[in-house]
K.L.:
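Below you'll find the structure I mean.
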2 protein chains.
Amino acid sequence: MTIQPLIDHFESYLPFDENEKELFQSRVTHRSLKRRHFILQEGFPCKHYTFVVEGCFRMFAVDTKGNEHNIKFAIENDWIADIGSFHSDKPSKLFIEAIEPAVILQIEQQDLYFLYTHIPKLNQILRVIVEDKYVELQNRVLQNISSTALERYLTFQEQYPTLSRRLPNTQIASYLGITPEFLSKLRKDIASS
Amino acid sequence: MTIQPLIDHFESYLPFDENEKELFQSRVTHRSLKRRHFILQEGFPCKHYTFVVEGCFRMFAVDTKGNEHNIKFAIENDWIADIGSFHSDKPSKLFIEAIEPAVILQIEQQDLYFLYTHIPKLNQILRVIVEDKYVELQNRVLQNISSTALERYLTFQEQYPTLSRRLPNTQIASYLGITPEFLSKLRKDIASS
DNA sequence: CGTATTTCTTAAGATAGTTCATTGGTCGCA
DNA sequence: TGCGACCAATGAACTATCTTAAGAAATACG
């Protein structure tokens with residue numbers, strides 16, 4: 001019901017006055033979702049920036065053979081959206097699915113643009129947030145081009161211990177770019193060493 | 001001598017008045033570099049956001065075995081920096097090297113922050129730029145986890161035909177996360193098909 | 001509680017990619 | 001002209017990872 005988690009998130013960067021908070025209140029939508037619910041499907045434009053209050057999401061693509069590839073997970077206090085589709089209004093090639101029952105706060109495109117206009121410092125906050133995400137993603141690219149599957153798995157466990165415990169291994173395998181069977185083998189190798 | 005290419009770049013997003021352009025003039029540094037010159041080395045903080053006017057750069061990491069892994073290339077009208085190190089002032093783990101003789105425009109940390117303060121809409125421009133870069137990087141991650149080396153190579157050629165012609169294959173292999181030998185084999189396979 | 005569904009494990013054979021050593025071509029430069 | 005550095009190509013042996021198929025274990029949900 002309340003958008004307080006989002007306010008808190010923004011205020012961890014910069015403070016807002018009551019006026020500004022009311023603007024948020026009027027432009028942010030609160031939703032609860034069941035497991036397996038999709039908030040984005042291939043072929044449709046991504047209409048929202050979604051802030052996760054509770055639960056866990058995955059963003060994935062489906063290749064020509066029908067295999068799913070997890071591009072990103074998002075848990076509490078993280079954002080998830082197909083940014084490219086969101087800004088261009090073009091059909092997305094991605095899916096976003098709730099892996100657990102979830103509570104989210106969503107901002108639609110025109111509302112986000114309204115907020116950027118009336119609360120300019122929001123640009124600064126989002127710039128900083130996206131820069132941080134960019135660095136994270138760049139580290140993942142480096143891992144992908146420089147490490148073996150085993151190293152990638154160990155790094156994932158270290159870097160995202162929460163996710164590592166919450167997610168089925170099959171989802172983790174898809175994120176790492178390997179088959180579940182091979183991940184199972186790696187886990188066996190680790191256990192017996 | 002002139003910082004016009006950077007002004008042009010920014011003005012492709014939003015217009016600036018003369019006052020603002022003079023602020024840029026006072027905070028942006030112009031440099032020419034020879035091939036093989038490094039503008040960032042592991043162990044040192046990344047002091048600049050670098051805008052490439054002419055030439056080509058690669059950003060890479062060196063792993064424990066001494067192998068280099070190309071994380072990113074940058075050519076004309078692109079930015080290059082270790083963003084994480086730049087904002088945190090922590091020693092970088094990366095190198096940035098001119099692959100060709102280059103002309104660049106650089107902004108130091110305190111100057112960039114000064115510009116953000118005095119030209120707030122710069123936050124908006126950079127937010128948009130970084131969002132675009134984020135989308136690009138995300139597509140690369142998807143490629144890495146979902147495609148074979150051959151597919152990645154073909155996509156690279158399609159997506160960056162200029163780079164593909166300008167770079168030695170060994171640099172491309174490093175970017176794709178494969179050995180030069182294997183890339184050579186792939187090229188042979190392509191040629192004979 | 002019981003059943004359907006999802007997830008995990010195992011293993012054998014196939015394919016993708018690496019490693020190492022070698023060779024030949026090209027280019028800048030003394 | 002020739003030397004040295006760099007780059008591309010090749011083949012053989014090796015290692016990493018995938019595919020397929022099956023059964024076992026865990027979990028969702030009526």
Side-chain angles (χ1 to χ4, degrees), chain A residues 33-38 55-56 58 60 63-70 73 95 97-102 143-157 163-193, chain B residues 34-38 56 58 60 63-70 73 97-101 143-157 163-193:
Chain A
L33 304 174
K34 291 186 185 164
R35 195 164 167 272
R36 290 284 149 108
H37 191 102
F38 283 76
C56 182
R58 68 182 181 123
F60 64 96
D63 68 20
T64 44
K65 291 180 197 156
N67 296 315
E68 302 177 356
H69 303 279
N70 287 340
F73 299 117
F95 299 81
E97 179 193 13
I99 306 187
E100 303 173 358
Q143 273 275 317
N144 282 337
I145 65 176
S146 68
S147 304
T148 64
L150 174 60
E151 292 166 331
R152 270 156 29 224
Y153 176 58
L154 293 174
T155 303
F156 179 82
Q157 281 196 309
L163 273 176
S164 189
R165 266 179 264 110
R166 264 164 98 164
L167 296 170
N169 285 326
T170 163
Q171 296 295 347
I172 296 176
S174 168
Y175 179 88
L176 297 175
I178 59 177
T179 59
E181 293 87 348
F182 189 55
L183 177 54
S184 187
K185 177 190 185 300
L186 293 178
R187 289 160 54 79
K188 188 183 165 195
D189 294 349
I190 293 169
S192 74
S193 74
Chain B
K34 292 186 184 165
R35 194 162 167 274
R36 291 284 149 110
H37 190 103
F38 284 77
C56 182
R58 69 183 179 120
F60 65 96
D63 67 21
T64 45
K65 290 180 197 157
N67 295 316
E68 300 178 357
H69 303 279
N70 288 339
F73 299 118
E97 179 192 14
I99 306 187
E100 303 174 357
Q143 273 275 316
N144 281 336
I145 65 175
S146 67
S147 304
T148 65
L150 174 60
E151 292 167 330
R152 271 157 26 225
Y153 176 58
L154 293 175
T155 304
F156 178 81
Q157 282 197 309
L163 273 176
S164 189
R165 268 179 262 111
R166 263 163 100 165
L167 295 170
N169 285 327
T170 161
Q171 295 295 345
I172 296 176
S174 168
Y175 179 88
L176 296 175
I178 59 177
T179 58
E181 293 89 342
F182 190 56
L183 177 53
S184 186
K185 176 188 183 297
L186 293 178
R187 288 160 55 79
K188 188 183 165 194
D189 293 349
I190 293 169
S192 74
S193 74

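Every chain is numbered from 1 and lettered A, B, ... according to where its sequence line falls, protein lines coming before strand lines. In this text, all values refer to a predicted model and were calculated from it rather than measured experimentally.
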K.L.:
Rounding to an integer number of Å, can you tell me how far A:Asp189 CG sits from D:dT17 P?
P.N.:
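After rounding, the reported distance stands at 11 Å.
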K.L.:
Check salt bridge (charged side-chain N to carboxylate O under 4.0 Å, His left out) between A:Glu181 and all other residues, then give those that pass, not counting sequence neighbours.
P.N.:
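Listed in chain order: nothing, the list is empty.
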K.L.:
Distance check: side-chain N/O of A:Thr179 vs OP1/OP2 of D:dT17, anything under 4.0 Å?
P.N.:
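False: A:Thr179 side-chain N/O out of range (4.0 Å or more) of D:dT17 OP1/OP2.
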K.L.:
Which pairs, protein N/O on one side and nucleotides 4-10 of chain C N/O on the other, fall under 3.5 Å?
P.N.:
{"residue": "C:dC8", "atom": "OP1", "partner": "A:Asn169", "partner atom": "N", "Å": "2.8"}
{"residue": "C:dC8", "atom": "OP2", "partner": "A:Asn169", "partner atom": "N", "Å": "3.1"}
{"residue": "C:dC8", "atom": "OP2", "partner": "A:Thr170", "partner atom": "N", "Å": "3.0"}
{"residue": "C:dT9", "atom": "OP2", "partner": "A:Ser184", "partner atom": "OG", "Å": "3.2"}
{"residue": "C:dT9", "atom": "OP2", "partner": "A:Arg187", "partner atom": "NE", "Å": "3.4"}
{"residue": "C:dT9", "atom": "O5'", "partner": "A:Ser184", "partner atom": "OG", "Å": "3.4"}

K.L.:
Just to verify, what does B:Arg165 make a salt bridge (charged side-chain N to carboxylate O under 4.0 Å, His left out) with, not counting sequence neighbours?
P.N.:
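With neighbours one apart ignored, the set is empty.
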K.L.:
Who pairs with B:Gln143 by side-chain contact (heavy atoms from CB on, under 4.5 Å), at least two apart in sequence or on another chain?
P.N.:
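Expected list: B:Ser147, B:Arg152, B:Thr155.
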K.L.:
Check ring-ring contact (aromatic ring centres under 6.0 Å, His included) between A:Tyr153 and all other residues, then give those that pass, not counting sequence neighbours.
P.N.:
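So A:Tyr153 forms no ring-ring contact (aromatic ring centres under 6.0 Å, His included) with any residue.
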K.L.:
Take the C1' atoms of the five end pairs on each side of the helix from C:dC1-D:dG30 to C:dA30-D:dT1, derive the two axes, and give their angle rounded to 10 degrees.
P.N.:
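Overall, the helix from C:dC1-D:dG30 to C:dA30-D:dT1 bends by 50° from one end axis to the other.
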K.L.:
Check whether any side-chain heavy atom of A:Leu186 sits under 4.5 Å from a side-chain heavy atom of A:Ile178, and report yes or no.
P.N.:
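In contact.
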K.L.:
Whole-Å distance between C:dT19 C1' and B:Ile178 CD1?
P.N.:
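Answer to the nearest Å: 14 Å.
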K.L.:
In whole angstrom, what separates B:Leu150's CG from D:dT17's C1'?
P.N.:
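B:Leu150 atom CG is separated from D:dT17 atom C1' by 17 Å.
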K.L.:
Please enumerate all protein N or O atoms sitting under 3.5 Å from an N or O of nucleotides 27-30 of chain C, with distances to 0.1 Å.
P.N.:
none

K.L.:
In chain order, what residues pass the ring-ring contact (aromatic ring centres under 6.0 Å, His included) check against A:Phe73, with sequence neighbours excluded?
P.N.:
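Result, ring-ring contact (aromatic ring centres under 6.0 Å, His included) vs A:Phe73: A:Tyr175.
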K.L.:
Starting at atom CG of B:Asn67, determine the distance to atom C1' of C:dC20, rounded to an integer number of angstrom.
P.N.:
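Rounded to the whole Å, the gap is 13 Å.
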K.L.:
Apply side-chain contact (heavy atoms from CB on, under 4.5 Å) to B:Pro101 and list each qualifying residue two or more places apart in sequence or on a separate chain.
P.N.:
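Partners of B:Pro101 under the side-chain contact (heavy atoms from CB on, under 4.5 Å) test: B:Arg35.
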K.L.:
May I ask you to test the B:Leu183-B:Ile172 pair for a side-chain heavy-atom distance under 4.5 Å?
P.N.:
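Contact flag for B:Leu183/B:Ile172 side chains = yes.
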K.L.:
In whole Å, what is the span from the CD atom of B:Glu151 to the P atom of D:dC18?
P.N.:
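So the CD-P distance, B:Glu151 to D:dC18, works out to 13 Å.
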K.L.:
CG of B:Leu186 versus C1' of C:dT18: gap in Å, rounded?
P.N.:
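Whole-Å distance recorded here is 12 Å.
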K.L.:
Could I get the full list of salt bridge (charged side-chain N to carboxylate O under 4.0 Å, His left out) partners for B:Glu100, not counting sequence neighbours?
P.N.:
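Result, salt bridge (charged side-chain N to carboxylate O under 4.0 Å, His left out) vs B:Glu100: B:Arg166.
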K.L.:
State which residues pass side chain to side chain donor-acceptor pair (under 3.5 Å) with A:Asp63; sequence neighbours excluded, sorted by chain then number.
P.N.:
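Here the qualifying residues are A:His69.
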K.L.:
What residues, two or more places apart in sequence or in another chain, satisfy side-chain contact (heavy atoms from CB on, under 4.5 Å) together with B:Ser184?
P.N.:
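Residues passing side-chain contact (heavy atoms from CB on, under 4.5 Å) with B:Ser184: none at all.
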K.L.:
Once you round it to whole Å, what is the distance between P of D:dT27 and CD1 of A:Ile99?
P.N.:
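Answer to the nearest Å: 16 Å.
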